[in-house]
Amino acid sequence: MASGTSRDVLGRGLGVLRQAIREQPRIFAVAVLGSVLFGGMVIASAFVVGAVVGDVVVPAIARGEVATGTLALAAVALFGISVLRVVGIFGRRLGAGYMQYRLQAAYRRRVTRRYLDLPLSWHHRNATGTLLSNANSDVEAAWYPIAPLPFAVGTLVMLVGAIVSLFATDWALALVGLAVFPALFALNVVYSRRMAPRQARAQRLRAEVSEIAHESFDGALVVKTMGREAQETTRFAGRAGELRDALIAVGRLRGVFDPLLETLPSLGTLAVLVVGAFRLRQGAISVTELVSVAFLFTVLAFPVRAIGWVLAELPRSVAGWDRVRRVLDATGEMPYGSRVLDPATSGPATLTFTDVHFSYPPAEAHQTGAKVLGAVGFTVPAGRTVALVGPTGAGKSTIASLAVRLVDPDSGTVELDGVDVRDLTAASLASTVALVAQVPFVFDDTVRANIALDRPGIDDEVVWAALRLAEADGFVAALPDGLDTMVGERGTSLSGGQRQRLTLARALAGSPRLLVLDDATSAVDPRVEAAILAGLRSSAGEPGAPVASILVVAYRRATIALADEVIYVEQGRVVARGTHTELLGTVPGYADLVTAYEQAEVERAQERTYDEVAPLPSGLEIENERSAR
């Protein structure tokens with residue numbers, strides 16, 4: 001891989017630059033015009049300086065007096081050239097910076113948009129740290145050469161003008177330029193080829209360091225409670241050390257080539273003076289011409305480095321671009337249809353699974369995907385509550401994901417009111433169905449913002465109604481600033497049960513017609529959970545309250561007993577369905593599972609009683625106490 005990158009890095013890097021120019025042609029043109037103006041003035045300044053020395057200084061020394069008018073004219077010429085050079089520098093730098101930052105912003109948006117379009121299965125195969133690196137450092141790296149690019153293009157124009165000027169002055173001096181300038185370019189090409197694998201490795205290690213850091217911070221609870229601080233520090237230090245060594249390798253190569261790139265123009269100037277002195281003695285050139293050419297080589301040393309800067313950044317640019325394109329070219333998005341459910345329908349929706357099969361894609365291309373569901377079929381009638389029960393790994397969460405179209409089935413259909421969810425528009429699907437996951441996600445914002453999410457029509461009255469239905473109005477009212485309370489990153493200022501009720505209220509505020517609860521109240525006190533589900537079932541009779549069909553992944557007996565129907569799944573198949581009482585008496589596996597769940601709850605309650613000197617109040621009692629205060 002490294003050798004291949006070394007061979008074609010120049011071609012692929014120039015392809016990245018062409019893409020940038022195609023996307024920002026006008027800004028690039030402004031920057032190049034500024035650079036060309038600067039280059040033209042550099043060449044002009046060389047000949048003005050030559051004229052000043054040859055036609056003013058040397059005669060003045062010979063005559064012992066200075067021609068004031070000629071000197072003033074030379075000063076005006078140099079001042080005018082300097083002003084135009086400043087204008088060129090301003091246009092070049094402003095255009096280059098504007099172009100670079102516009103491209104970075106545009107591609108950050110594209111990468112982020114692509115993340116949102118790709119299915120969860122793709123995200124599961126890519127580490128969060130890598131995704132963060134793609135949207136940040138990889139995008140930056142891809143467009144790093146843009147800053148010196150207009151300068152380099154202007155320098156190429158300037159070099160052509162310089163070569164033409166050299167031939168117009170003297171063929172021998174022109175040959176010196178023809179030897180120096182191609183040598184500079186060839187040295188830069190060799191440099192970029194050797195730099196390519198080093199930059200690619202450094203860019204990959206940046207992402208890996210980001211992955212480890214993100215994983216350690218995100219899993220801080222596990223790291224601390226399991227005493228893994230030292231091990232995580234060692235793991236991070238090892239990868240950070242690799243990144244350090246990779247960057248040192250990059251710096252070492254620059255340390256070798258940079259002096260060579262700086263020395264060649266100086267050697268060219270020395271060669272011009274030697275050859276020029278010989279040609280001057282022969283009478284082939286004048287002092288004015290010799291000074292102009294020598295000065296031209298001197299001032300060209302810095303601009304020529306701009307070409308080196310572009311070539312030096314190409315390996316890093318290619319590495320970043322490849323990683324960005326991997327995201328933009330990723331396949332697997334789920335296109336939405338054009339159908340819309342009747343907006344006049346405000347009652348509960350009917351959910352139907354028909355012969356649904358589903359397998360998660362393999363982590364590696366050579367592996368076979370794991371089959372999760374086979375021939376699953378059931379219906380959640382409008383306005384009814386259906387509990388989904390089964391052992392761990394039975395496919396309950398996958399069914400919940402299919403119901404809200406986080407994933408699509410391999411075969412079979414999932415329908416809302418008789419319409420395949422794949423045929424619905426994104427807006428119609430989002431307004432009809434809502435998922436409340438077991439692991440709640442809360443934004444680092446206020447309670448109000450977390451529930452409303454800037455959705456139209458969700459005012460404080462709707463927010464409080466949703467909080468009451470989620471049994472969350474008590475603890476929210478007791479918060480220091482009520483709805484305006486900042487909950488912290490991922491809701492760190494709230495308990496697990498409070499976060500779950502907040503996310504439930506968020507879903508209810510949108511008045512979904514189908515509510516999917518994936519064990520969404522597991523951290524809530526059982527009495528509070530029972531009150532929530534009872535409120536959801538009886539909400540049809542309350543003015544303005546959400547009216548929805550409910551599919552709930554459940555474990556607790558009290559939760560299951562509230563359902564109109566229970567669907568029992570094992571190994572990705574529907575084994576039995578009926579009421580809780582019916583399944584207890586006819587399905588041994590179901591009875592054993594529910595009894596085991598219930599026994600585990602009792603044992604946990606007993607452990608809390610035995611282990612604590614004084615029993616702690618329940619979550620509901622705490623909230624009641626807060627409300628009383």
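Just so you know, these numbers use all the heavy atoms, side chains as well, and skip hydrogens, waters and symmetry mates.
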Which heavy atom of [X] sits nearest to which heavy atom of [Y], and what is that distance?
| X | Y | result |
| --- | --- | --- |
| R323 | D138 | NE-OD2, 2.8 Å |
| V16 | S317 | CG1-OG, 3.6 Å |
| A20 | I146 | CB-CD1, 3.5 Å |
| A202 | L243 | O-CD1, 3.5 Å |
| P440 | T503 | CB-CG2, 3.6 Å |

Could you measure the distance from the [atom1] atom of [X] to the [atom2] atom of [Y]? Nearest 0.5 Å is fine.
| X | Y | atom1 | atom2 | answer |
| --- | --- | --- | --- | --- |
| L149 | L14 | CG | CG | 9.5 Å |
| L205 | D245 | CG | CG | 9.5 Å |
| R448 | D481 | CZ | CG | 10.5 Å |
| I43 | I81 | CD1 | CD1 | 11.0 Å |

Donor-acceptor pair, distance only, cut-off 3.5 Å: does the side chain of [X] make one with the backbone of [Y]?
| X | Y | answer |
| --- | --- | --- |
| R455 | A452 | yes |
| S401 | V407 | no |
| D410 | S359 | yes |
| T112 | R109 | no |
| S431 | S428 | yes |
| N450 | F443 | yes |
| S45 | V42 | yes |

Sub-4.5 Å side-chain heavy-atom contact between [X] and [Y]:
| X | Y | result |
| --- | --- | --- |
| D420 | V414 | no |
| R326 | D322 | no |
| P145 | L17 | yes |
| N134 | V139 | no |
| F151 | S35 | yes |
| V516 | V433 | yes |
| P148 | V310 | yes |
| L502 | I451 | yes |

* To do: May I have the step-by-step check of side-chain contact (heavy atoms from CB on, under 4.5 Å) for V447 and V487, ending in yes or no?
  => CA-CA 7 Å; V447 173; V487 298; 3.7 Å; yes
Near [X] [atom1], under 6.0 Å, is it more than 12 heavy atoms from other residues, nucleotides or ligands?
| X | atom1 | value |
| --- | --- | --- |
| R325 | CZ | yes |
| F90 | CZ | no |
| R22 | CZ | yes |

* In sequence, state the C-alpha distance, the side-chain angles, and the governing distance for L453 and R506, and then conclude on side-chain contact (heavy atoms from CB on, under 4.5 Å). => CA-CA 8 Å; L453 293 181; R506 174 196 296 160; 3.7 Å; yes
* Asked: Are R110 and E23 close enough for a salt bridge, meaning some N to O gap below 4.0 Å?
  -> yes
* Selection residues 139-160 - residue pairs positive for salt bridge (Lys or Arg N to Asp or Glu O under 4.0 Å), sequence neighbours left out -> R108-E140
* Looking at F38, does the NZ or CZ of R92 lie under 6.0 angstrom from its six-membered ring centre and within 45 degrees of the ring axis? -> yes
* Cationic tip of R405 above Y336 ring, under 6.0 Å, 45° of axis -> yes
* List the steps and the verdict of ring pair (Phe, Tyr, Trp, His ring centres under 6.0 Å) for Y107 and W321. => CA-CA 10 Å; Y107 272 82; W321 177 252; 5.6 Å; yes
* **Distance-only donor-acceptor check, side chains D484 and T446, under 3.5 Å** => no
Give the table of side-chain donor-acceptor pairs shorter than 3.5 Å for residues 96-104, with sequence neighbours excluded, one pair per line with atom names and distance.
{"from": "Q100", "atom 1": "NE2", "to": "W143", "atom 2": "O", "distance (Å)": "3.1"}
{"from": "R102", "atom 1": "NE", "to": "Q24", "atom 2": "OE1", "distance (Å)": "3.1"}

* Asked: Can L435 and D518 be said to form a side-chain contact (heavy atoms from CB on, under 4.5 Å), step by step?
  -> CA-CA 7 Å; L435 169 70; D518 186 6; 4.3 Å; yes
